[in-house]
A.B. asks: 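Sharing a structure below in structure tokens format, with a few things to ask.
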Amino acid sequence: MRTYFIELSYLLASILFILGLKGMSHPETAKRGMHLAEFGMLMAIIGTLMHHEIITFTWIITGLVIGSLVGLAMGLWVPMTAMPQRTALSHAFGAFAAALVGISEFYKDGGHLDRITMGALGFEVMLGALTTTGSLLAFAKLQGLVRGTPVTYKGQNVFNMVLLTVTIGIFLYLIVMPGSMPLFFTMVGLAFIFGLLLVMPIGSADMPVVMSLLNSYAGLASAATGFVLNNKVLIIAGTLDGFSGFILSILMCRAMNRSMTNVLFGAFGSASPSAAIGGAQEGSMREVSLEDVATQLAYANKVVFVPGYGLATAQAQHAVRELADILEKRGVTVKYGIHPVAGRMPGHMNVLLAEANVPYSSLYELEQINPEFPTTDVAVVVGANDVVNPDARENPSSPIAGMPILDVDRSKSVIVLKRGQGKGFSGLENPLFFKPVTGMLYGDAKDTLTRLVQAVQHA
Ligand code: NAP
């Protein structure tokens, strides 16, 4: 009866995970998808707690209480802008748990493991260990605890490859001769070190891709744990996690026109100072007044808002919606151009705008909105920078050359809302700000938009 209940709860959990993932693939159903996945996790936990191998609940309850408190605190107090580092920390926890389970299983059964189980266990521990340290370093870089710039040295890739080969060599040896405790722990130690070395040469700008990749590793480590423990829900959830993370990494690379090898070994973000300045810019930035912008907007036929990371830091999603509403009431056609990597995580802008109840039908993807810019009267860039940098299109020597961008500079007028001369995540200068078509409206995006709402009403 108990086994039947466990299997049923695992089956339900797996179905809910799949439905949850499907829900999360669309902004309109994302919230529901998240709730389904949460409920699935609850079912999986209940099923696991029913397990007949549990002798005492003391440590389980202790872990549950500590984990819930940490999760609650992170959910309540971590701001939206710190979501990437929060995700990195979660990956580190998940991967560390997988590594610990593997280590304890090896400790328990050491020399008596069959080859298939040892293969799964070694895979789990290796991926778990390298994901733990890799994610912790990603967290530290994103949180600014260590420098975000890539750390590189001569022969780095060769050294990393040698280390990885030795680790995999020990792993293969252990599959054939599983008894050696010292070799097993050497493999674990090397994997922990490899995680750090893997993330060290990667700059903050590429961190979201790396994290998505680490997410994928953590998922695969969990799936391997499922094989070791003969736990079906772990196999299914881990595989879903592993492959969705991998697909996401590929999609992000595509949106930035970078290859995975370039992200992992290219040390992007260590651009030379001259590249960071972007060379001598022609012209100068033209500051515009709030009243001028309000008049332009009020008498425009079509306005396109282009949000970026600054929208998230300013939490300006409600203010932009308010301005859009007022413009629409005046008969202006309003659209939003969404770049796939605007912000700091995939879907960042969609989530924020959905929170402010911006209708999904007003959001346009890059390919849909780009042909519309030449007929746009005013493109309003709200805290975006890299995703509207025309150098990506026009300057083959730019580190972001080839990255698809939103062609706001082809609009009749461009208004950029930002606080000052701050660079984007890539640290590159943006020639858009120096074009005659562009007007700079300085200030915190939320504050500027709120004042624009007032000004448009009186225009
Ligand atoms: P961005 O290039 O990082 O630029 C954000 C701009 O917002 C800055 O120039 C900043 O200028 C401005 N800003 C910051 N706070 C503001 C505030 N309170 N009010 C107004 N403006 C503010 O952002 P993006 O254009 O969205 O580009 C995203 C970057 O992240 C790209 O380089 C992308 O490749 C990278 N990335 C994203 C993902 C993802 O999944 N989304 C993944 C990988 C990489 P001031 O300091 O002057 O205000």
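Counting starts at 1 for both ligands and their atoms, in listed order.
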A.B. asks: Give yes if a backbone or side-chain nitrogen or oxygen of S426 is under 3.5 Å from a nitrogen or oxygen of ligand 1, and no if not.
C.D. replies: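 No - when backbone and side-chain N and O of S426 are compared with those of ligand 1, no distance drops under 3.5 Å.
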A.B. asks: Under 3.5 Å between some N or O of ligand 1 and some N or O of P340?
C.D. replies: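 No, there is no polar N/O contact under 3.5 Å.
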A.B. asks: For ligand 1, which atoms sit closer than 4.0 Å to a heavy atom of G383?
C.D. replies: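 It comes down to these atoms of ligand 1: 5 (C), 6 (C), 7 (O), 21 (N).
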A.B. asks: Could you name the option among M403, M440, R419, R344 that has the heavy atom nearest to atom 10 (C) of ligand 1?
C.D. replies: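 Among M403, M440, R419, R344, the closest heavy atom to atom 10 (C) of ligand 1 comes from R419.
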A.B. asks: Please confirm whether the backbone N or O of S426 pairs with a side-chain atom of D386, one donor and one acceptor, at under 3.5 Å?
C.D. replies: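 Side chain of D386 to backbone of S426: a pair is present.
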A.B. asks: Please determine if K335 forms a cation-pi arrangement with Y364, meaning its NZ or CZ atom is less than 6.0 Å from the six-membered ring centre and no more than 45° off the ring axis.
C.D. replies: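 Relative to the ring axis of Y364, which defines the angle, K335 lies inside both limits.
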A.B. asks: Donor-acceptor pair, distance only, cut-off 3.5 Å: does the side chain of D377 make one with the backbone of K302?
C.D. replies: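 Between the backbone of K302 and the side chain of D377 there is a qualifying donor-acceptor contact (under 3.5 Å).
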A.B. asks: Are the side chain of T29 and the backbone N or O of G23 linked by a donor-acceptor pair below 3.5 Å?
C.D. replies: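 Yes; at least one donor-acceptor contact below 3.5 Å.
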A.B. asks: State the atoms of ligand 1, each with its element, that fall below the 4.0 Å cut-off from a heavy-atom position in V387.
C.D. replies: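 Here the atoms of ligand 1 in question are 25 (O), 27 (O).
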A.B. asks: Run the numbers for me: atoms of ligand 1, each under 4.0 Å from some heavy atom of G424, listed by number.
C.D. replies: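 Ligand 1 atoms under the 4.0 Å threshold to G424: 1 (P), 2 (O), 3 (O), 4 (O), 9 (O).
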A.B. asks: Got a donor-acceptor contact below 3.5 angstrom from the S289 side chain to the D292 backbone?
C.D. replies: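 Yes; at least one donor-acceptor contact below 3.5 Å.
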A.B. asks: Considering only heavy atoms of A384, which atoms of ligand 1 have at least one such atom less than 4.0 Å away?
C.D. replies: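 It comes down to these atoms of ligand 1: 25 (O).
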A.B. asks: What I want to find out is whether R321 reaches D325 closely enough, with some N-O distance under 4.0 Å, to be called a salt bridge.
C.D. replies: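 D325 and R321: salt-bridged.
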A.B. asks: Which of the atoms in ligand 1, numbered in the order shown and given with their element, are less than 4.0 Å from a heavy-atom of D444?
C.D. replies: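 Taking each heavy atom of D444 in turn, ligand 1 has 17 (C), 18 (N), 19 (N) under 4.0 Å.
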A.B. asks: Taking only heavy atoms of T313 into account, list the atoms of ligand 1 that are under 4.0 Å away from them.
C.D. replies: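 Every atom of ligand 1 under 4.0 Å from some heavy atom of T313: 14 (C), 15 (N), 16 (C), 17 (C), 18 (N).
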A.B. asks: Say whether, by atom type as modelled, one donor and one acceptor occur between the side chain of D407 and the main chain of R410 under 3.5 angstrom.
C.D. replies: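 The answer is no, because no donor-acceptor pair under 3.5 Å joins these two groups.
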A.B. asks: Which is closest to atom 8 (C) of ligand 1 in terms of heavy atoms, K446, H348, M252, K423?
C.D. replies: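 Going through K446, H348, M252, K423 one by one, K423 has the nearest heavy atom to atom 8 (C) of ligand 1.
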A.B. asks: What do you reckon, is CZ of F243 surrounded by more than 12 foreign heavy atoms closer than 6.0 Å?
C.D. replies: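 Not buried by this count: 12 neighbours or fewer within 6.0 Å.
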A.B. asks: Test your reading of the model: is there a side-chain donor-acceptor pair from E394 to the backbone of D391, 3.5 Å cut-off?
C.D. replies: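 No, the answer is negative, given that no donor and acceptor are paired below the 3.5 Å cut-off.
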A.B. asks: What I want to know is whether G343 and ligand 1 share at least one N or O pair that is separated by under 3.5 angstrom.
C.D. replies: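 Yes, there is a polar N/O contact under 3.5 Å.
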A.B. asks: Using heavy-atom distances, let me know which of L428, L449, D386 sits nearest atom 2 (O) of ligand 1.
C.D. replies: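 Looking at heavy atoms only, the winner is D386.
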A.B. asks: What atoms of ligand 1 come within less than 4.0 Å of a heavy atom belonging to G308?
C.D. replies: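 It comes down to these atoms of ligand 1: 26 (O).
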